[in-house]
Each structure stands twice: as structure tokens, then as C-alpha cells.
Engineer: 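Provided herewith is a single structure, encoded as C-alpha cells, for subsequent inquiry.
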Protein chains: 2
Amino acid sequence: MPPRTKPLRKDAQRNRDLLVTTARELFAARGLDVSLDEIARTAGVSSGTLYNHFPDRADLVEAVFADRVATVAEIAEHALAIADPWAGLVHFLERVCELQAADRGYNDLVSRRLPQAPPTEDHARGYELMVRIIDRARESGALRDDVTLEDMAFVTWGTARTVEATAGVRPQAWRRHLALMLDGLRATAARPLPEPPLRPEELADIMRACS
Amino acid sequence: MPPRTKPLRKDAQRNRDLLVTTARELFAARGLDVSLDEIARTAGVSSGTLYNHFPDRADLVEAVFADRVATVAEIAEHALAIADPWAGLVHFLERVCELQAADRGYNDLVSRRLPQAPPTEDHARGYELMVRIIDRARESGALRDDVTLEDMAFVTWGTARTVEATAGVRPQAWRRHLALMLDGLRATAARPLPEPPLRPEELADIMRACS
DNA sequence: CAATAAGTTGACCGTACTCTCAACTTATTT
DNA sequence: AAATAAGTTGAGAGTACGGTCAACTTATTG
């Protein structure tokens, strides 16, 4: 659907796009903490223009990573297209972690709580698909039956930190971390867990929390 | 052994101690990014005094956490005193993660690369003990034989991130993360790993790296 | 081609932080 | 109780950042 708002003037649209792509590159290379002034300068516009388009840093971050939710949903779809449920889960987690490893900004985004983009329909779709990936893997008997979708956050958070630490020295080290984690998620590895899973609302709180 | 340098004047010593304990509290509560001015103010001394004692932020951090290396070594000793090698490893990792969970500053410290304290003899002792914890667990057949001491960094990094994320909502959630990870470290869970372990020098590089 | 709306500029304000130093105060020494 | 060495102070320099706005420029419209 076309956006309801009146279209931007064409130079304004050009500047906006420029800012987003510039920010995307800088975020990818150096993480989410790049200064907004530097982004504007690199894009060749004044800082006023940046603030005109994106009043808040979160607005810019949201614009830069707006497509990622859909990307994750697509990955989830591919994962569900794999016949073997366990292989599907592994595929999903590997691909998501690859996204993190390829983009320091995205890695920061999944790590830190940040902007809280308003929940979109892609969000809901991705969530549904992920639930199915987990359920299917669990019902197949490959995934341990005491883990939930929320436990996948541990995978994401953990590899995010490993990606950050090892990026300079061994960019693929996170694969080893992930593999160990995956071996712990197998039904055959299951031992009683010491703590109940995060409830969906708790995880939502964590994601939403800004600080 | 008494320090070789001339002892501080007694008010200077008092101020120094005050700064360290104040910094310890603030770091523990709010992480390593507390401003130095605030630490000085809270301690009731001027910022000049702080910089007189600790020219660099890293110097203060080092003073605050100087004892932690010895603490970890002690935990390692306790772990080795446990008869069952696997239980010893679990004990060690749980206790270290508890340290992280109890102190946001320490959690930051193990996460981010920061100051690179000069390697002390406690360091070497801790290292030796940790090697023995791992070797013993592996030789007992409980720990998978394709993991190394360096793989424990994944445990530390991972839980560090989970601690950070969940501290406000479910302070014990990291125990679940750790338990999943531990299940992946069991010999019975072992599947081939996709990436060679970090070499000791690589891990040292990561720890040393400042940025 | 006006006329007007839309967008841009860059200097500037406020804030927060690290770090310095000359003037001052306090402890220690003889 | 001087004399001296040691330590403290707090204002302020320097930096970087987010964010604002009145004056200016540019696109669009009739």
C-alpha cells in the first residue's frame, strides 16, 4: 500500500535515501553509536536536514533496519520449507546469526534494547513462523521439550556478544559458539533446567525497555 | 610483600580507599560507564584528587577489580576440590557467572575488552587451575573432548549478555542460559563442531584489544 | 513566471564528560 | 613550631554530542 502521507519533494526524498544508506553503511561498519553529525556529514547534508527527517536517533535506526523484520520472516519461511524440522531450526538460527555477524549495527540492535519500532504485521508473521519452527522441531523429538521460543533469545544474545568480541580476530568463531548451544538444545542432551523459561511478556518487556 | 613505593600520606590513603570503594559501588550498580566526576563527587573529593590517584579510567577500574583475579582463582580451587570432575566444572562456571550477575561493572569488564591489567601471578595461577578443571572434566569423559579452555569464553560472553538483558526482569534467567550451554558441553551431546577452537593467543588478543 | 510551500543550511545553544593546573591546605619531618 | 614535602581543590579548558532555528534556497503549483 502506498504511504498515506503526501510524497516528499524529490530532493528531500533523495536526501532521505542518502541518509538512510549512509547510516546503514556506518552502522554496519562501526555499530549503532556512530554520531548523527558524522552520518549527516558523510551523507553530504547538514545536521539540520538529518534531524528534520529523523527527529530522534531511534527514528533513523528504525528506518535503516525496517526491512530486517521482513528478512527474518523470510528466513523463517525458508526454514519451514526444509523437510527435517531440526535442520530447519538450525538453518533459521544460523541465518539469523549470519545477519548479526555481517552487520555490527544489527548486532547491536538485537543485543541492546533500543528503539521499539511499533509492532508491524511483518512482526506478527515472523512470530507465527518462529513458533512453528520451534513447535515442529520439538514435536519431531529432535528439540528438547522443555525449551520455548523465548529461549532462542539466549542464542541470539550469546552469539551477539561472541560476534562482537571475536569479529577482529576470528570472524567465524560464533559458529562454534552456536554449535555448542545447538548441541545443548537437542532432546538427547536434555537435563532438567534450573529456571522456568522467560514468559513472552517478559521477553517483550526486555525488548521494549530503553535505557 | 609490602609495596616498594613510599607509603601515602594518611589522608591520601583514606581518599584513595574512599574512591575505590565508591567506584566499586557505582560500577556494581550502574556499570563501567559511570562518569569519573560523579565518582569523585559521591566519594566527597574533588575530581582533581581522583585524577591524581588514577590518571586514567583504566587505572581506577583496575584498582576496583584487582582482587577479582584472585577470587576467580579461589573459585577454581574450590571447583577442583569437588570430587566429581563434571560437577567441579559446573561449579566453577556457575560461581563465575554469579560474580557477573552480582556486579554490573564486573559483567561489563568480562564482556568488553577494557584495560588490560598487567598479567599478575594470580593470573597465572588461575589459568593453571582452569586448565586442570577442563582437563580433568574431559579426561573423566563427562566433558566433550573437542572443547578447550578457550571455549569457556563463549559461556562467559553469552551469559554476560543475558545477564545484562534480563537483570531488570528476571535476574536468574542466566541460569537457564548457562544450563543449556552446559548441556551442550557434555560429551554425550557432542556433534562435530564447525570451526576450530580459538587459539590461546587469539583469546589473549581479544582480551587485550582496546577500542 | 510569479507565488507559495517545502526543504536546507550551519551557526549556535546546552549538556556532559575527561582532564589540567595554579593556588591553597594539610600532614610529616627535623 | 617552622620548614618542607605531599596532597587537595575547583574553576575552567577542551572536546564531542544532540538538538534548534531564523535566514536562505529550491521545487512545485496554478
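A quick note: this is a predicted structure, and the numbers were derived from the prediction, not measured. Every chain is numbered from 1 and lettered A, B, ... according to where its sequence line falls, protein lines coming before strand lines.
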Engineer: Under 4.0 Å from any atom of DNA chain D, heavy atoms only: list the residues of residues 22-30 of chain B that qualify, in numerical order.
Structural biologist: none
Engineer: If only side-chain N and O atoms of B:Asn15 are considered, is one of them under 4.0 Å from the OP1 or OP2 phosphate oxygen of D:dT8?
Structural biologist: yes
Engineer: State, with a plain yes or no, whether a side-chain heavy atom of A:Glu150 is found less than 4.5 Å away from one of A:Glu201.
Structural biologist: no
Engineer: Tabulate below the donor-acceptor pairs under 3.5 Å that side-chain atoms of residues 34-42 of chain B make, not counting sequence neighbours, or state none.
Structural biologist:
from    : atom 1 : to      : atom 2 : distance (Å)
B:Ser35 : OG     : B:Glu38 : N      : 3.0
B:Glu38 : OE1    : B:Arg30 : NH2    : 2.9
B:Glu38 : OE2    : B:Arg30 : NH1    : 3.2
B:Glu38 : OE2    : B:Arg30 : NH2    : 3.3
B:Thr42 : OG1    : B:Glu38 : O      : 2.7

Engineer: May I ask you to decide whether B:Arg14 forms a salt bridge with B:Asp17, counting only side-chain N to carboxylate O separations under 4.0 Å?
Structural biologist: no
Engineer: Could you list the residues that satisfy side chain to side chain contact (heavy atoms under 4.5 Å, CB included) with A:Arg170, not counting sequence neighbours?
Structural biologist: A:Ala173, B:Glu195, B:Pro196, B:Leu198, B:Glu202
Engineer: Would you say the side-chain atoms of A:Arg176 pair up with the backbone N or O of B:Leu193, donor to acceptor, closer than 3.5 Å?
Structural biologist: no
Engineer: How many Å lie between CG on B:Asp59 and P on C:dT18, as a whole number?
Structural biologist: 14 Å
Engineer: Taking the inter-plane angle between the rings of B:Tyr106 and B:Phe65 on a 0 to 90° scale, is it parallel (under 30°), tilted (30 to 60°) or perpendicular (over 60°)?
Structural biologist: tilted
Engineer: Treat primed atoms plus P, OP1 and OP2 as sugar-phosphate and everything else as base, then score nucleotides 24-30 of chain C 5' to 3': B for base contact with protein heavy atoms under 4.0 Å, S for sugar-phosphate contact only, - for none.
Structural biologist: --BSS--
Engineer: Can you tell me how far CH2 of A:Trp86 sits from CG of A:Leu182, rounded to the nearest 0.5 angstrom?
Structural biologist: 5.5 Å
Engineer: Is there a side-chain contact between B:Leu203 and B:Leu149 (heavy atoms, below 4.5 Å)?
Structural biologist: no
Engineer: Walk along nucleotides 11-21 of chain D from 5' to 3' and tag each nucleotide B, S or - by protein heavy-atom contact under 4.0 Å, base first, then sugar-phosphate.
Structural biologist: B-----SBBBB
Engineer: Between D:dT8 and B:His53, is there an OP1 or OP2 to side-chain N/O distance shorter than 4.0 Å?
Structural biologist: yes
Engineer: Could you check whether any side-chain heavy atom of B:Val20 comes within less than 4.5 Å of a side-chain heavy atom of B:His53, counting everything from C-beta outward?
Structural biologist: no
Engineer: Reckon A:Asn52 has a side-chain N or O less than 4.0 Å from the OP1 or OP2 of C:dT8?
Structural biologist: yes
Engineer: Could you tell me the separation between the CZ atom of A:Phe54 and the C1' atom of C:dG7, rounded to a whole number of Å?
Structural biologist: 14 Å
Engineer: Using residues 90-98 of chain A as the side-chain source, report each donor-acceptor pair under 3.5 Å to any protein atom, sequence neighbours left out, with the distance given to one decimal.
Structural biologist:
from    : atom 1 : to       : atom 2 : distance (Å)
A:Glu98 : OE2    : A:Arg175 : NH1    : 3.4
A:Glu98 : OE2    : A:Arg175 : NH2    : 3.2

Engineer: Just the rounded figure in Å: distance from C1' of D:dG7 to CD of B:Gln13.
Structural biologist: 13 Å
Engineer: Check the distance between C:dG10's P and A:Leu50's CG and give it to me in whole angstrom.
Structural biologist: 14 Å
Engineer: Walk me through whether A:Arg144 and A:Asp151 qualify under salt bridge (Lys or Arg N to Asp or Glu O under 4.0 Å).
Structural biologist: CA-CA 11 Å; A:Arg144 51 196 294 169; A:Asp151 288 316; over 6 Å; no
